[in-house]
Each structure stands twice: as structure tokens, then as C-alpha cells.
Amino acid sequence: MKLKIVSARTGIVWVRLGIQVFFKQPLALTGLFFLFMATLSVLNLVPILGSVVSLMLLPTLGLGLMAAAQRASQGSFPMPTVLLTGLRGPQASTKPLLVLGLIYTFWFCVIVALTALADGGEFARMFFLHGPQDEAAGSAAGMELPRGIFLFMLLHLPLSLAFWHAPALTHWHGIAPVKSLFFSLVGCWRNKGAYVVFGLAWFAVVMAEGIVVQILALLLNSSEVLVMGTYAVSLLTTSMFMCSVYFSFRDSFEADETLEELPKP
């Protein structure tokens with residue numbers, strides 16, 4: 001596996017490719033992302049245990065969305081089973097993804113626990129127990145919760161970068177879980193210009209879409225249009241974003257020639 005260094009403007013290319021691939025299979029990719037979110041939502045209905053299981057499955061299901069974008073870019077129709085790409089291979093390729101899931105769950109829980117330093121445990125209660133325990137607690141959470149959320153976002157950023165490419169490196173390049181986390185961090189850092197542009201470009205897209213929805217709602221004088229439009233745009237935009245993540249991986253890493261020459265099992 002080799003790290004590729006790209007220019008900062010490549011970040012815009014990733015956004016453009018993600019949008020283009022999405023419109024090749026819009027219904028399939030939107031449906032897959034909806035299925036992804038529905039699966040996590042159902043698991044989260046079970047207090048604590050459901051949240052832990054959903055965290056463990058995030059790297060595997062995220063890989064499934066990348067595999068769907070890969071198939072769509074090749075002109076294929078991604079079936080719902082593509083979400084289980086990481087669990088359908090031999091045990092030798094499935095186990096590392098589950099190890100990644102355990103690592104992610106551990107550090108996510110550590111970060112959530114650390115937010116108690118800022119908000120007295122309100123964010124942790126909201127995440128694992130789905131809300132404050134009583135009305136008085138809910139009123140207090142309104143004052144303390146923003147600080148916990150800010151600390152969570154700050155601490156979760158390096159974890160997100162470590163897992164940005166890790167599942168794909170493990171599954172498609174056979175990199176060990178811990179090494180894949182290190183390589184993902186290095187890849188994001190070495191191409192930080194492209195990833196900053198990538199993030200800013202998607203922020204601009206989201207802002208532009210939000211303005212369009214608000215203008216349409218004002219012209220029609222309908223709050224329902226605002227609510228439904230915001231939900232629809234969020235679903236479509238996030239699906240496009242997940243497609244673009246695949247291209248950020250594809251352009252940041254490549255297999256060694258020696259690996260490419262080996263016979264496939």
C-alpha cells in the first residue's frame with residue numbers, strides 16, 4: 001500500500017465526483033443510506049447495549065457505503081446486501097473489521113465519559129439513556145449540554161480521522177487494524193490541504209441548499225415545506241457526502257504493484 005499526495009484542489013474534485021456518482025444511482029444510494037440510519041436507529045432503541053452494538057458496527061457499515069459508491073462508479077447497481085460487504089468475506093477479512101469496531105467503541109466511550117468534565121455527564125446521559133431523567137434535569141441540561149457537545153466534537157475529530165480510511169485499508173488492502181488507524185491519520189495529515197478544501201466545499205453546498213429551501217418555504221409560506229425540505233436535503237446531501245468519501249480513499253492510497261500481481265483468492 002502506498003500513500004498518494006494530492007493537491008488541495010483535489011478536495012473539490014472529490015465533492016464533484018461524489019455528487020456525480022450519486023446521480024448515477026440516486027434511489028439506490030439514498031435507500032442504502034436510509035437503511036444504514038434505520039439500522040442504527042433500531043439498535044439505539046435498546047438503552048446502553050444498543051448504543052454499544054451500533055458503535056461496533058459503524059466501521060463495517062461505513063465500509064458498506066463506500067463499497068456501494070464504488071459499485072455505482074463502475075456502473076453497477078448496489079444491492080442492499082452491499083452494506084454487509086465487510087461481513088460476507090472469509091473470517092480472516094471479517095475479524096479485523098470487528099476489531100476496528102471494538103477499538104472505535106472503546107475510544108468513543110472514553111470521549112463521551114470525558115465530556116462529563118464539561119457538562120457533569122449530561123451528554124453521556126443523552127447519548128446512552130436518550131435524554132435527562134426528569135424535567136428538572138432537562139432544564140439543567142439545557143445550560144450545561146452545549147459545553148459537553150463542544151468538547152465531544154473537539155475530541156472526536158482525531159478519532160474520526162483515524163477511522164476515515166481504516167475500514168477500507170483493512171478490507172481492501174489487508175492492513176492490520178492498528179496500522180490502518182495510523183495510516184489513515186497519516187494520509188489525512190499529509191493531504192490536509194485537500195481535506196480542508198473538501199470540508200469547506202461540502203459546507204458551502206449545505207449552506208446553499210439550506211438557503212434554497214428557506215427561500216422556497218418563504219415563497220410558499222409553508223412551514224411544512226421548510227421541515228420536509230430540510231429533511232430531504234439532509235438525506236440526499238449526506239448520501240452524496242458518503243459517496244465522496246470513497247473517492248478520498250481511492251485517491252489517497254494505492255496498492256503496491258507486488259500486491260496487484262498476486263493471484264486473487
Side-chain angles (χ1 to χ4, degrees), residues 10-45 50-51 53-88 97 101 104 160 163-168 171-172 195 197-217 219-220 222-251:
T10 307
I12 297 180
V13 175
W14 294 337
V15 175
R16 177 173 55 83
L17 289 174
I19 295 173
Q20 289 177 348
V21 166
F22 172 80
F23 281 106
K24 286 184 177 181
Q25 299 288 351
L27 294 178
L29 292 170
T30 302
L32 282 170
F33 181 72
F34 183 82
L35 180 60
F36 167 82
M37 293 301 299
T39 301
L40 297 181
S41 298
V42 170
L43 288 172
N44 281 316
L45 291 176
S51 299
V53 173
S54 64
L55 289 172
M56 289 182 59
L57 290 177
L58 269 179
T60 300
L61 295 179
L63 173 69
L65 292 176
M66 292 181 66
Q70 181 192 48
R71 295 188 183 185
S73 68
Q74 296 171 348
S76 302
F77 184 87
M79 299 297 291
T81 52
V82 74
L83 280 179
L84 302 178
T85 296
L87 300 177
R88 297 173 64 193
L97 284 174
Y104 180 79
S160 298
F163 279 86
W164 190 274
H165 300 302
H171 182 73
W172 281 318
Y195 287 99
V197 173
F198 177 78
L200 292 175
W202 271 118
F203 178 77
V205 170
V206 171
M207 291 297 294
E209 291 174 339
I211 292 173
V212 170
V213 171
Q214 291 184 8
I215 292 176
L216 184 60
L219 291 176
L220 298 177
S222 173
S223 59
E224 289 79 6
V225 171
L226 179 60
V227 174
M228 295 301 296
T230 301
Y231 176 78
V233 166
S234 299
L235 182 62
L236 296 177
T237 304
T238 310
S239 301
M240 296 177 194
F241 172 82
M242 295 306 299
C243 291
S244 63
V245 169
Y246 163 70
F247 292 102
S248 70
F249 166 74
R250 185 199 66 177
D251 293 343

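Quick caveat, the model's predicted, so the values are computed rather than measured.
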Value rounded to 0.5 Å, distance of OG in Ser51 from CG in Leu40: 10.0 Å
Flag side-chain contact, heavy atom, 4.5 Å: Met242 against Phe22: no
Note, Thr85 side chain near Val82 side chain (heavy atom, < 4.5 Å): yes
Parallel, tilted or perpendicular, as decided by the 30° and 60° cut-offs, for the rings of Tyr195 and Trp14: tilted
Distance (rounded to the nearest 0.5 Å) between Phe23 CZ and Leu236 CG: 7.0 Å
Shortest non-hydrogen contact between Gln25 and Pro78, atoms and distance: CG-CD, 4.1 Å
Candidate pair Arg16 and Val13, rule side chain to side chain contact (heavy atoms under 4.5 Å, CB included), full reasoning: CA-CA 5 Å; Arg16 177 173 55 83; Val13 175; 3.7 Å; yes
Distance-minimising heavy-atom pair for Pro80 and Leu32: CA-CD2, 3.5 Å
For the student: nearest non-hydrogen atoms of Gly62 and Phe36, plus distance: N-CE1, 4.2 Å
Glu224 and Ser222 side chains, donor-acceptor separation under 3.5 Å: yes
Side-chain heavy-atom pair Trp202, Val205 within 4.5 angstrom cut-off: yes
Leu235 side, atom CG; Thr230 side, atom OG1 - distance, nearest 0.5 Å: 12.5 Å
Beyond-backbone contact of Ser234 with Glu209, side-chain heavy atoms, under 4.5 angstrom: no
CG on Leu87 to CG on Leu97, rounded to 0.5 Å: 7.0 Å
Geometric class of the Phe198/Phe241 ring pair [parallel <30°, tilted 30-60°, perpendicular >60°]: tilted
Atom CZ of Phe77: over 12 foreign heavy atoms under 6.0 Å: yes
Nearest atoms (heavy-atom pairs only) where Leu83 meets Leu65: CD2-CD2, 3.7 Å
Approximate separation, where rounding is to 0.5 Å, of Phe247 CZ and Gln20 CD: 8.0 Å
Residue pair Tyr104 / Leu57, side-chain heavy-atom distance below 4.5 Å: no
Heavy-atom closest contact (Ser73 atom, Tyr246 atom, distance): OG-CE2, 4.2 Å
Distance in Å, Leu216 CG paired with Leu226 CG, rounded so as to fall on 0.5 Å steps: 9.5 Å
Heavy-atom pair with the smallest gap, counting every atom of Ala72 and Leu29: CB-CD1, 4.2 Å
